[in-house]
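Working notes, structure below.
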Amino acid sequence: MSDKKNEDYVVRMPDSGLRSPYGGEKDPFIPPRPSRAASHHNLGSSVAKIENSPPISILAYCLSSISMTVVNKYVVSGSEWNLNFFYLAVQSIVCIVTIEACKQLGLIKNLARFDINKGKRWFPISLLLVGMIYTSTKSLQYLSVPVYTIFKNLTIIVIAYGEVLWFGGSVTPLALLSFGLMVLSSVVAAWADTRSAAQTAEAAAALATLNAGYAWMGLNVFCTASYVLGMRKVIKNMNFKDWDTMFYNNFLTIPVLIICSLVAEDWSSTNLNKNFPPESRNALFIGMIYSGMAAIFISYCSAWCIRVTSSTTYSMVGALNKLPIAVSGLVFFSAPVTVGSVSAIFIGFISGIVYAWAKVRQSQVAKNSLPTTQPTMSASSQSNRDAANS
């Protein structure tokens, strides 16, 4: 009986078509409604097109990095803000929870279980990471986004000469030109910033804030270079895969950040109310949670961009991305727009392009030369290669 019902259903299907608005049979020129399997196929092909689209991957990378900088600046820009260690601990916790959730859902498949021996060997690198991200938030707290972005270029110079000293790297004339432009853009940015601050009503307080920001930025440059160079030295023997570096970095920094927050920061109810005023409390919490997830977005979008384009395109995108990040500070945080600040942004933008082109030229020369020695790569490129080969 069941088979008969199925048989009747199959037979009646062609006669159960839709009627036209005028009462007749369905117009034979109207194409049939696509089946559910066809719609699933179309959806899958659309997703595949997005996953393999270079413009979308580049846009995703730019938006994730811009949003990360803007959100960080928003959280730490409060006049009474002084809970940087707590903020960074929340970032790391959110990042670890998100990675574990993605692993349980099957979105991350190549994350190995935590190895305590690897954790001990990686812990010094995590301490360098704590110094890097803490000084980064402190400098962003006192400096505007454009000035912060421009001064961040100085890290490239320190890393490059660190590679020359410890890894046998080299600096080409074109790279040297880009370094000169980076230094020039930083000098112009500092001059424009101090000149603008000197013209305000509270000039002394504004200049003191800038000087504190420059001091933290200087520490951040050396902490970042130490972290990148140290990671390059250690990661070769760690056999890390795609997500392992992010997992170990965030997992190992959580106890350090929590202890530093409990010891060094004021946890009284009065101070908590100053840091999280009722009118912006929910927005701050959302920003803190998003910043932890944004770190994963940036990592994924970076790998996505390299996969569907090339490392050369990714380098150029990273250089070009400095301009919208700097402009976002002018748009969202009302940073002073002067001839000096705009000139500094433009010079910093050009320096990034020149540096990216210098690295492209250097990689092309290395490919065309005889493979008698292993070509020197940047620390970030070396880390990506080691992770890919493990």
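- Side-chain contact annotation: Tyr227 with Asn249, donor-acceptor N/O pair under 3.5 Å present.
- A pairwise comparison of heavy atoms in Ser302 and Ile298 identifies OG-O, 2.7 Å as the closest pair.
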- Item | Trace of the side-chain contact (heavy atoms from CB on, under 4.5 Å) decision for Val256 with Phe123 | CA-CA 10 Å; Val256 178; Phe123 187 71; 3.8 Å; yes
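- Heavy atoms only, all atoms of each residue included: Pro277 and Leu284 are closest at CD-CD1, 4.3 Å.
- Under the 3.5 Å distance criterion, with hydrogens and angles disregarded, a donor-acceptor pair is assigned to the side chains of Thr253 and Ser92.
- Between Ser139 and Asn220, the side chains place no donor N or O within less than 3.5 Å of an acceptor N or O (distance only, hydrogens not considered).
- Pairing each heavy atom of Ala197 with each of Leu207, the nearest pair is CB-CD2, 4.0 Å.
- Of all non-hydrogen atoms in Ile150 and Ala189, the two that sit nearest each other are CD1-CB, 3.9 Å.
- Ile96 CD1 to Met246 CE: the interatomic distance, rounded to the nearest 0.5 Å, is 9.5 Å.
- Checked by atom type, the side-chain pair Asn82/Asn271 shows a donor-acceptor distance below 3.5 Å.
- By the criterion of side-chain heavy atoms lying less than 4.5 angstrom apart, applied directly or through intervening Ile, Leu, Val, Met, Phe, Trp or Tyr residues, Ile93 is not grouped with Ile286; the two fall into different hydrophobic clusters.
- In this structure, the side chains of Lys138 and Leu219 stay at 4.5 Å or more apart for every pair of heavy atoms.
- Taking the six-membered ring for Trp, Phe151 and Tyr214 have ring centres closer than 6.0 Å.
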- Query: Given the rule in the side-chain hydrogen bond (donor to acceptor under 3.5 Å, both in side chains) test, do Trp267 and Ser261 qualify, once you have shown the distances and angles that lead to the verdict?
  - Reply: CA-CA 9 Å; Trp267 280 85; Ser261 179; 3.2 Å; yes
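- The local environment of OH in Tyr290 is crowded, with over 12 non-hydrogen atoms from other residues, nucleotides or ligands closer than 6.0 Å.
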- Message: If you apply the rule side-chain hydrogen bond (donor to acceptor under 3.5 Å, both in side chains), what do you find for Tyr148 with Ser136, and how did you get there?
- Response: CA-CA 9 Å; Tyr148 171 82; Ser136 176; 2.6 Å; yes
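- Under the 4.5 Å side-chain heavy-atom criterion for ILVMFWY residues, a single connected hydrophobic cluster contains both Val90 and Phe285.
- Between the OG atom of Ser77 and the CZ atom of Phe332 there is a distance of 13.0 Å, given to the nearest 0.5 Å.
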- Message: side-chain hydrogen bond (donor to acceptor under 3.5 Å, both in side chains), that's the test. Do Thr338 and Ser196 meet it? Break it down for me.
- Response: CA-CA 8 Å; Thr338 62; Ser196 178; over 6 Å; no
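- Criterion: ILVMFWY side-chain heavy atoms under 4.5 Å apart, direct or through other members. Under it, Ile108 and Met293 are part of a common hydrophobic cluster.
- Remark: Tyr355 OH to Ile157 CD1 distance equals 10.0 Å, nearest 0.5 Å.
- A 4.5 Å side-chain heavy-atom check between Leu252 and Phe114 finds at least one atom pair inside the cut-off.
- Using a 4.5 Å heavy-atom threshold, the side chains of Ile99 and Phe251 count as separate.
- Below 30°, between 30° and 60°, or above 60°: for Phe276 and Phe86 the angle between ring planes is above 60°, a perpendicular geometry.
- With hydrophobic clusters built from ILVMFWY side chains whose heavy atoms lie under 4.5 angstrom apart, Val71 shares a cluster with Val97.
- Here the side chains of Trp304 and Ile56 are in contact, with some heavy-atom distance below 4.5 Å.
- For Glu279, the CD atom is densely surrounded, since the number of other residues' heavy atoms within 6.0 Å is greater than 12.
- Here the closest non-hydrogen pair linking Ala294 and Met68 is CB-SD, 3.5 Å.
- Around atom CZ of Arg361, no more than 12 heavy atoms belonging to other residues, nucleotides or ligands sit under 6.0 Å away.
- Closest approach of Ser178 and Val354 over heavy atoms only: CB-CG1, 3.7 Å.
- Within 6.0 Å of CG in Leu105 there are more than 12 heavy atoms belonging to other residues, nucleotides or ligands.
- Under a hydrophobic-cluster definition in which Ile, Leu, Val, Met, Phe, Trp and Tyr are linked whenever side-chain heavy atoms come within less than 4.5 Å, directly or via other members, Ile125 and Ile259 are assigned to different clusters.
- Considering only heavy atoms from C-beta on, Glu80 stays 4.5 Å or farther from Asn275 through its side chain.
- When ring centroids are compared, Trp216 and Tyr134 come within the 6.0 Å threshold.
- Note that CE of Met182 and CG of Leu177 are 10.0 Å apart. Values are rounded to the nearest 0.5 Å.
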